[in-house]
Every structure is written in structure tokens, then in C-alpha cells.
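This report refers to the structure that appears directly beneath it.
Keep in mind it's a predicted model, so treat the numbers as computed, not measured. Proteins come first, then strands; the chains are lettered A, B, ... in the order of their sequence lines, and each starts at number 1.
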Amino acid sequence: MRLTNYLLPTLKESPADAEIASHKLMLRAGMIRKVAAGIYTYLPLGLRSVRKVEQIVREEMDRAGALELLMPMVVPAELWQESERWEQYGKELLRLRDRKDTEFCLSPTHEEVITDVVRGTVRSYRQLPLNLYQIQGKFRDEIRPRFGLMRGREFIMKDAYSFDLDDAGADSSYEKMYQAYQNIFKRCGLEFRAVEADTGNIGGSSSHEFMVLADSGEDAIVSCDCCDYAANVEKAQIRLARQEEPQPQGEIAQVATPGKKTIAEVAQFLGLPESRLIKTLLVRTDAGEQLAVLLRGDRDLNEIKLCRFLDCVEVEMVDEANVVKMTGAPSGFAGPVGLDCRIIADHEVRTMVDCVVGANIKDSHCSGVNPGRDFEVEQYVDLRQAQTGDGCPRCAGTLQSWRGIEVGHVFKLGTKYSQALGATVLDRNGKDVALVMGCYGIGIGRTVAAAIEQNHDDNGIIFPMAIAPFQVLITLLNPKDQQVVKAGEELYNQLLQAGIEVLLDDRDERPGSKFKDADLIGIPIRVTVGNKALKDDQFEIQLRAVGERQMMPTDETAPWLIAEVNRQLVR
RNA sequence: CGGGGUGUAGCGCAGCCUGGUAGCGCACCUGCCUUGGGAGCAGGGGGUCGGAGGUUCGAAUCCUCUCGCCCCGACCA
């Protein structure tokens, strides 16, 4: 492709509403343009990267035995009513009516549609296993779209759905997808982790998220430094520290802590580490129960673990009026001693000795407090958020925490949708059996964004070869110099014939602008054709990731480039 | 949804407080000049100042409403 025939609207400055590197760079490099909040046009350069990821996904899905199909984006309400998600899904589901006033939605995911297809086409266990996928635009009316393609409302997703006769078959389908995902993200040149994930309120068994490691990631994950345990912090378990029988020393005593309401304030005021305090959280479940949750002062509550333990969908902090009602004091001074409600605590609290808790009296805390002696805990549970330094639940190793961008998710669905929609087959015995399903998603645009997040510098993007919009960029320094044009075009044609994706910068611009654009758009290999080097029959080669320039005889350049492109693809 | 902010040329911004016929940089067009890291000079095009209503002789500026966009939001006793 010649740049003079291309649309490459690069920007010197980043638009004010872009926050993170990938968003800024994709806008500046002319890959995307915003149309509305969370809705983007993919410009030619951006689309090429998107297509690269799609193609890798397609190849690996096909290799894993999945079949591509394409479902509609506009889906009748009645399908969603059958699964009862029409009511459950909430505002993320964009609903609309046609001219006959029939209700539809823009489908944010396709369990209903695919299940409908399968129930109408698959009758026998002999047709299983089946794994169907599509690569399609999805719409979710996110509360807060942000970070460009990272969290858009409209986005491109690969979603796959597997159907098996039984759990063993479903496990095998899941394993295949897990492996395919490993291949896909490896081929994309990403540094990632597959982590155990919370299954959310869909319930069901296992689930893994594929996380690209990046500081700007919206998810927190932990991984073990010894074994391969890795999990989303929402899910991460923590090895129990060895417990010695606590030996209470002190006597309980009320201390004045005027106006000191937070853990940090109280700890500082009393000159104690936060770990000597017990944090007393008063929460209310969605069923209306109010209870106290205790944690070591320097720990954070993992609300998902709490919900799972309490068997509820969400909990909220009790409001000020009810804090007063429960404790007799304003918020900031709640403690477990003498508290008249159910009390549960994180395991760690059991080992704490002579600690400080709220006194349930305004401007007062109690010191010398000991669990078991001074108050009763109904149950000790794993409730805290895992963090760096915590023990691995699988081995003697230590957990390390990271930020991650969720680019893929594999999930065992069970029979939720097949039962709701009546997707059954006859088994060997001629008996009707509900299909066991799995679903598997990959955010295509997000994968491109994550790759940029992970591969950029101050000057711009540094694309991994596999998803670069072009593999080689040839910059003609003096496009009016016939020698330069001739040599450059010859190389260009050689590369094209070899199937290399090459972009020829034949614009009549100053060298500086061309180099800046080249760095910005991040094509992995750059060849500079200038009249000086050409006098010695040489081109200049520069790898975007490395930066150093090297001279190369013109007749050796094409073969070298072809080899280098392939070398970087295999990696 | 709550809190905060913002909306002026394609992009980045000033002007608003203190009302008086809209400006800067980049980009774009023409010409000259220049050509190894976003050159220079000269000329030029482009704006219903997000929208509606109001106050006023006069509104980008003040008031009311409205829409868009951005940021933060269980953080904890």
C-alpha cells in the first residue's frame, strides 16, 4: 500500500478525552475515531489490526474443531424472555421496538440465539460434540464506557458455545478452548495469564479469564511465584497462616479517640500498626439481614467472597441511621464487643491478640480486646482480598498481585440455557437429555488495545508482528529523487510478491514528519531509502522495538526482511 | 444513578469573572523556499461559541432549562 493512496490521519496531540496509552495512541495513529461515547469507527489502519486478531482467533478456533457461523445482532425479546434474562439483564441490554411495536434487543451475548439454533437442528447425541462460534459486533449499554476500545459499548467479540451430552464431554470441550486461547494470545505476542475467575451469579463450575498484564488493567489478579496458581482477586484464595493459640495478655479498656473514625486515624492516634486493629464492617444483605464482618485493620474485604458465603447477590454498607441503631454510636466507632447481631470474621482475626476495636460509644475505642474471650464470632471464613505477599493456597509459595486486562473468558455454563429453552438430544438409550453447554468469549478490539497497552513507548506503538497493520514500512526520504523512488519501489514490489504486508511512505513530506509517523504507527520493521546510503547501494533497516539502525546492501534486503518477518511471526 | 468538570474551526486551547460584532497554536489550501527526526516566509479558507428560552440597546460572556462528553464513585466504621 502506498501512503499517498491511504487514509492515515495522524495527530500530533492526543484528544483531551483519552486517558490511557492505548486509547491516545490509537486515536493519534489514525486507527480509530470516536462516533459517540463508547462507539468507534475503525479506520483502515485500525481495522487491519483488528482483522489480524480475528484471523488468528479464527485459525485457532477452527483448529480446535469449532465451526464459524453468524448470528443476528437484533434479537426478538421473546427469546430473552424464554431464558428470563429479559427481566434479569438490566439496563445494559439495549431494547428497541420495530414498526409493528414488537420488542427486540441488541444482543450483548448469544446464549439464547445459539441455543435456539441448536434445539432446532440437533436431535441426536451422534451430532455431538458441537462448538459454534462467531466474530461479531456486540452492544452493551455500559454505565461507563471508557478507555477507547477497552470498554466500549459497541465492540467486536468472538463468542463460542459448546454443546455436549454430559459433563465429561463439556470438560473436554472446555479444555480444548482453554488450550486454543493459550495459542491465540501467545500468537498475538502478548504477555498474559490464565486466571481462575469468579463465576458470578450465573453459578456453575469453572471459569478462567485470560488476562493481559498491564498496569492500566481494570482487574486485579494474583499469581503464585512457585506454582501455576493464578486467580482474579475476586476469587483468589489465601493459604491460612499457621495458627498458634492466641495468648491474651491485656485487659479490655476503653480509650478516648475523639473524632478518630478511620482505621488509619485510630492507628496513628494510638501509635499502633493498623494490623493491631480489628475492622468492624456493618453490612446489610439483599435479604435485609444486618450483620457485622470483622477483618484485620490493614485488610480489605472481598465482597464477592462475603456474598458467596452469605448466599446473596450483593451486600451494602448499612447507612448511618442504622449504624446508630445497631451500635448506639455514630459510624466510626463500631466494634464487636457487646454487639447484638450476627458476627462473622476473616480467619486471620482468630489469631489476633490484644487488639483495638470500636467501643460502640462516640469518640471511643477499646484496647486489649481478644476474640473468643471478649466477644463471640459465629464463624471464621476466608473474607479478605488477596494481596502481594499472601500465601498461595496450593503450595508454599507467595502470591504476587498484578493488574490485568481481561481479553478472554472461558466458562462452563451447564444446562441453564438448554433447560430453559428446551435444547435436548436423545442419548444412546433414547432418553431426552439437556445439553451441557460452555461459552467462550474473546474481546477482539480489546485485545488490540491491550497489545498496545503492553507494547508502546513515548514515541508511539510498537506492534507485535502478528497483529501489526503492516509488517514492513518503506520510507522514501526523497520522493522526488528518481534513484530513491526506483530503488524503493523495487524493494516494495519484491516484498509484495513475497506476500509481505508492506506500506510505502511515498509522501512528499519532510523526513522528520515521516519518522514521527513511523514511530507512532509502530510498524515492526522500517526500511529507510535515502540518496546518500543509496550511493553505497545500501538501505537502512530499523526495528521499531529495538531502535538501532543498521545498513544493509540493497540486494540482500528483501530476503533478509522476508526472513525477519517470518522469524518474528513464529516467536 | 450520585458527585465533580467540560462544551468556542478537524485537533489542542485562550476569551467568560468585569457583556460591546470571536482569537492563538497545530492541521488544511496557494506560492516561494527547504529535505535524515513533526522547518521557514507570505497569502488564504474554515465558527448558528452544544441547544432552547430569558435578562439587556447589545450575550461566547449573566440567569433558567436541556443535551453531549470526560473524570471519580462498595473503600469501610
A/Glu13 has an atom CD; how far is it from atom C1' of B/C13, in whole Å? 8 Å
Nearest-Å distance, CZ (A/Arg146) to P (B/C71)? 7 Å
Taking NZ, NE, NH1 and NH2 as the nitrogens, is one of them in A/Asp382 or A/Lys305 under 4.0 Å from a carboxylate oxygen of the other? yes
Mind checking the P distance from B/G12 to B/C70? Whole angstroms is fine. 12 Å
Please say whether the positively charged group of A/Arg48, taken as NZ for Lys or CZ for Arg, lies over the ring of A/Phe470, i.e. under 6.0 angstrom from the six-membered ring centre and within 45 degrees of the axis. yes
Tell me yes or no: between the side chains of A/His456 and A/Glu453, is some donor less than 3.5 Å from an acceptor? no
Would you say A/Ile525 and A/Gln568 make side-chain contact, with heavy atoms under 4.5 Å? yes
When both distances are under 3.5 Å in a Watson-Crick or G-U wobble arrangement, the nucleotide paired with B/G53 is B/C63
Check: A/Asp298/A/Ser275 side-chain N/O donor and acceptor closer than 3.5 Å: no
If you measure from the P atom in B/G51 to the same atom in B/A59, how many Å do you get, rounded? 14 Å
What's the gap between B/U66 and B/G10 when it is taken at their C1' atoms, as a whole Å value? 27 Å
G-U wobble or Watson-Crick pairing nucleotide for B/U35 (cut-off 3.5 Å, both distances): none
Integer angstrom distance from the C1' of B/G15 to that of B/A22: 8 Å
Pick the nucleotide of RNA chain B nearest each of A/Lys261 and A/Glu19; which residue has the one closer to the 5' end? A/Glu19
Rounding to the closest angstrom, what is the interatomic distance between B/C33 and B/A14 at atom P? 39 Å
Touch check for A/Val318, heavy atoms < 4.0 angstrom, all strands: base, sugar-phosphate only, or nothing? base
Work out how far the P atom of B/C13 is from that of B/U6, and round it to whole angstrom. 12 Å
Need the pair for B/C17. Rule: Watson-Crick or G-U wobble, both distances under 3.5 Å, any strand; none if unpaired. none
Sequence neighbours excluded, which residues qualify as side-chain hydrogen bond (donor to acceptor under 3.5 Å, both in side chains) partners of A/Asp17? A/Lys34
Can you tell me which nucleotide in B/C69, B/C1, B/A74 comes closest to the side chain of A/Glu303? B/A74
Would you please name every residue forming a side chain to side chain contact (heavy atoms under 4.5 Å, CB included) with A/Val381, sequence neighbours left out? A/Phe309, A/Gln379, A/Leu383
For A/Lys34 and B/G10, give me the distance from atom NZ to atom C1', rounded to whole Å. 15 Å
Tell me whether the NZ or CZ atom of A/Arg95 lies within the 45° cone about the ring axis of A/Trp86 and under 6.0 Å from its centre. yes
Pick the C1' atom in B/C11 and in B/A74, then give their distance to the nearest Å. 38 Å
Of the options B/C69, B/A77, B/C76, whose atoms approach the side-chain atoms of A/Leu301 most closely? B/C76
Return the value, rounded to whole Å, for the distance between atom CG of A/Leu8 and atom C1' of B/A27. 14 Å
Any chance you could list the contact pattern along nucleotides 34-39 of chain B? Use B for base contacts, S for sugar-phosphate-only contacts and - for none, protein heavy atoms under 4.0 Å, 5' to 3'. BBBBBB
Side-chain H-bond candidate by donor/acceptor type, A/Gln400 with A/Ser223, under 3.5 Å: no
Rounded to the Å, how far apart are A/Asp300 CG and B/C76 P? 10 Å
If a pair satisfies ring pair (Phe, Tyr, Trp, His ring centres under 6.0 Å) and one of its residues is in residues 518-554 of chain A, list it, with sequence neighbours excluded. none
Nucleotide N/O of nucleotides 4-7 of chain B paired with protein N/O under 3.5 Å:
none

Does this structure show an ion pair linking A/Arg2 with A/Asp506, if we count only N-O contacts that are shorter than 4.0 Å? yes
To the closest 0.5 Å, what do you measure between OH (A/Tyr492) and CD1 (A/Ile474)? 8.0 Å
Per the under-4.0 Å heavy-atom filter, residues of residues 262-281 of chain A near RNA chain B come out as A/Thr262, A/Ile263, A/Lys279, A/Thr280, A/Leu281
Roughly, in whole Å, what's the span from NZ in A/Lys24 to P in B/G12? 12 Å
I need the CD-C1' distance between A/Gln290 and B/C76, as an integer number of Å. 15 Å
In whole angstrom, give the distance that lies between atom CD1 of A/Ile343 and atom P of B/A77. 17 Å
Quick check: do A/Lys279 and A/Asp300 have side-chain heavy atoms less than 4.5 Å from each other? yes
Taking atom C1' in both B/A52 and B/A60, what distance in whole Å separates the two? 16 Å
When you compare the side chains of A/Arg299 and A/Gln387, does any donor N or O come within less than 3.5 Å of an acceptor on the partner? yes
Both distances below 3.5 Å, Watson-Crick or wobble geometry, any strand: find the nucleotide opposite B/C69. B/G5
Using a 4.0 Å heavy-atom cut-off across all strands, classify A/Leu295 as base, sugar-phosphate, or nothing. nothing
